[in-house]
Amino acid sequence: MTQSRADPTRGLIHQTMVFEDGITLDCGVHIRPLHVAYRTYGRLNEERSNAILVCHALTGDQYVAETHPLTGKPGWWQLLVGPGRPVDTERFFVICANVLGGCMGSTGPNTEMTDETGRGLGRPWGIDFPPVTIRDMVRAQLRLIDALGIAKLFSVIGGSMGGMQVLEWASLFPTRVFSAIPIATAAYHSAQNIAFHEIGRQAIHADPNFHGGRYWEHGVVPARGLAVARMTAHITYLSEEALTRKFGRRLRTGPMLTFSNDLFEVESYLQHQGSTFVRRFDANSYLTITRAMDYFDLAAEHGGSLAEAFRNSPVRFCVVSFSSDWLFPTAMSRELVRALNAAAANVSFVEIASDKGHDAFLLDEPDLFRTVSGFLHGAAERWR
Amino acid sequence: MPESPLSNSTRSGRPLSDRLDLRLIAEMVEPGSRVLDIGCGDGTLLDILVHEREADGRGIEIDMGLVTAAVAQGLAVIHGDADSDLAFYPDQAFDYVILSRTLQATERPREVLAQMLRIGRRAIVSFPNFGHWLVRWKLLVTGCMPRTRVLDRPWYDTPNIHLCTIADFFALCEAEGYTVERWLGVDEAGRKTPWRRNRRLANLFAEQGLFLLTRNSPARSSQGR
């Protein structure tokens, strides 16, 4: 078959739940079947009251708390999730699903395209994969949670785009969620954030290997375009302070400038980030998911009022932001908190002092860990 | 009813406060109430209210370190301040809104009180009494801004920008149409003091005033008494 010869994730088998009846997307398209690739950690208790759903960010996946099968690196949130960690897998049953539109086993651009009857067409969806929304991603996760027999999640936790899913969960299915921890996120994607995403998408489109999104037909991937997209995005995940601390003006190539082939350490770092990324991520997936984030505007889904999205919500919220995050700044979390207060929702809000920028939510931040673990303990006392 | 996912979890284990004024405030709150504690610090009072008075307790605190400490104790506390964040709460969202030893540090105390009685059915307010005899004496004798155990910072470094006396506060309540349901003169340690029945004596001898207020509004009179 022509099945993506150059597909970077080819050959991996992911634990997957298949829903033959498929899913109707916000755009009106019905896809069948629906594949949801997922991982679980810990054990579901008899009352099924200890399930926590972790939602991953733009380029994350379901491998939260274990060695990644493709990169061999530790799980992306292994500091937060695991035995004895704030989200303690000895107490909680932790679930994480690859998002709809992703490229690690869930239905997305790099999975086989199907017709309305669910028949495989022998080629990947590629650029023809329909646009998805954060709400579509959450609806796909709901199917998984239903299939696992969980009536009510003890908590839904996620950072960045994962936080958008958390907010969507609490708003769409308030009776299915007991508590919610949206971290370093916002109730809508800002103009600045859309702008950065657009640079990334343009870089992918400009790569001659993109071939109008049908790169698999040519046995190539738009690696350069995707790498540039990643490099741009990566800058937005850091802060000037963090860049200065990590790299300053240091040169990779020697102690001083030679004016030929000089390489600053920060350049070398970004290039490394770009080149490793293309080995694990699909360009069409990147286009699909960045678009889903751009579409996200929770207030717009509720007649322009964010408070309306949470009216009479029984969900307990813990909103977390980081002081140096300029991609999802504290002001956006505060806006969210004020809307939650206006809806008389139960909300905690912490801005954690960190110079590590947006990335802080993935890093070793003791205040984040204390906050999450304390909030979960407090919520557990009031579980019903 | 399903078992708690953390079945061996207990109350946070924080030693109960020896700040007796917090005890007096907690006693004013009816069990099972919805309570907002403004300037809740690390959540000492909230912890008492939640665990001993079965309250649905929320807090606002301006100091980030204290917010983190409170949230890490499992308390529903947000980072914010009394002057700017109360406006975002809906009317009558709480049974009690508490402002303990914080009114004098707000930018617009009158507006904060009005917001408290908009978002809550009752307001509980405590503040240092600037009419205390020692304060008066120190100002008279030294001619300098008085410093006491309660008001212990120099004038250029104090957060207390709107100090008042118990008499001043009574006057404000009258002007704003608030009913003083209960009031107490309290000493530094937060003990009730014997002259608490007499306003003039309390204004002279109490180190703090503690007030339980309601608003004289049509809504309230229609509920009957």
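Given the structure is predicted, the values throughout are model-derived calculations rather than measurements. Below, chains carry the letters A, B, ... as their sequence lines are ordered, and counting in each starts from 1.
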*Above 12 or not: heavy atoms from other molecules or residues under 6.0 Å from CD of B:Glu30?*
no

_B:Glu174 atom CD, over 12 foreign heavy atoms within 6.0 Å_ = no

*Quick one: of A:Phe93, A:Phe349, A:Phe317, who has the most non-hydrogen atom pairs under 4.5 Å with chain B?*
A:Phe349

*Top contributor to chain B interface from A:Ser373, A:Ala343, A:Ala345 [non-hydrogen pairs under 4.5 Å]*: A:Ala345

_With a 4.5 Å cut-off on side-chain heavy atoms, are B:Met64 and A:Val350 touching?_
yes

*asked:* Which atoms of A:Ala344 are under 4.5 Å from chain B, going by heavy atoms: the side chain, the backbone, both sets, or neither?
replied: both

*Would you please go through residues 300-312 of chain A and name the residues with a non-hydrogen atom below 4.5 Å from one of chain B, in numerical order?*
none

*Considering the options B:Val71, B:Val77, B:Ile78, which one meets the side chain to side chain contact (heavy atoms under 4.5 Å, CB included) requirement together with A:Cys318?*
B:Val71

*asked:* Does A:Arg43 have more than 12 heavy atoms from other residues, nucleotides or ligands lying within 6.0 Å of its CZ?
replied: no

*Given B:Thr68 and A:Arg370, is the side chain to side chain contact (heavy atoms under 4.5 Å, CB included) satisfied, shown in steps?*
CA-CA 8 Å; B:Thr68 313; A:Arg370 286 201 302 133; 3.7 Å; yes

_Rounded to the nearest 0.5 Å, what separates atom CZ in B:Phe88 from atom CG in A:Asn341?_
9.5 Å

*With a 4.5 Å cut-off on heavy-atom pairs, point out which of B:Asp56, B:Ile119, B:Val67, B:Asp85 contacts chain A the most.*
B:Asp85

*Around atom CD of A:Glu66, are there more than 12 heavy atoms of other residues, nucleotides or ligands at under 6.0 Å?*
yes

*Using non-hydrogen atoms and a 4.5 Å limit, figure out which bit of A:Val347 sits close to chain B: side chain, backbone, both or neither.*
both

*Would you check if A:Arg334 and B:His79 make a side-chain contact, meaning some heavy-atom pair closer than 4.5 Å?*
yes

_Sort by residue number and list every residue of residues 155-175 of chain A having at least one heavy atom under 4.5 Å from chain B._
none

*asked:* For the residue pair B:His51 / A:Glu381, report whether a side-chain donor-acceptor contact shorter than 3.5 Å exists.
replied: yes

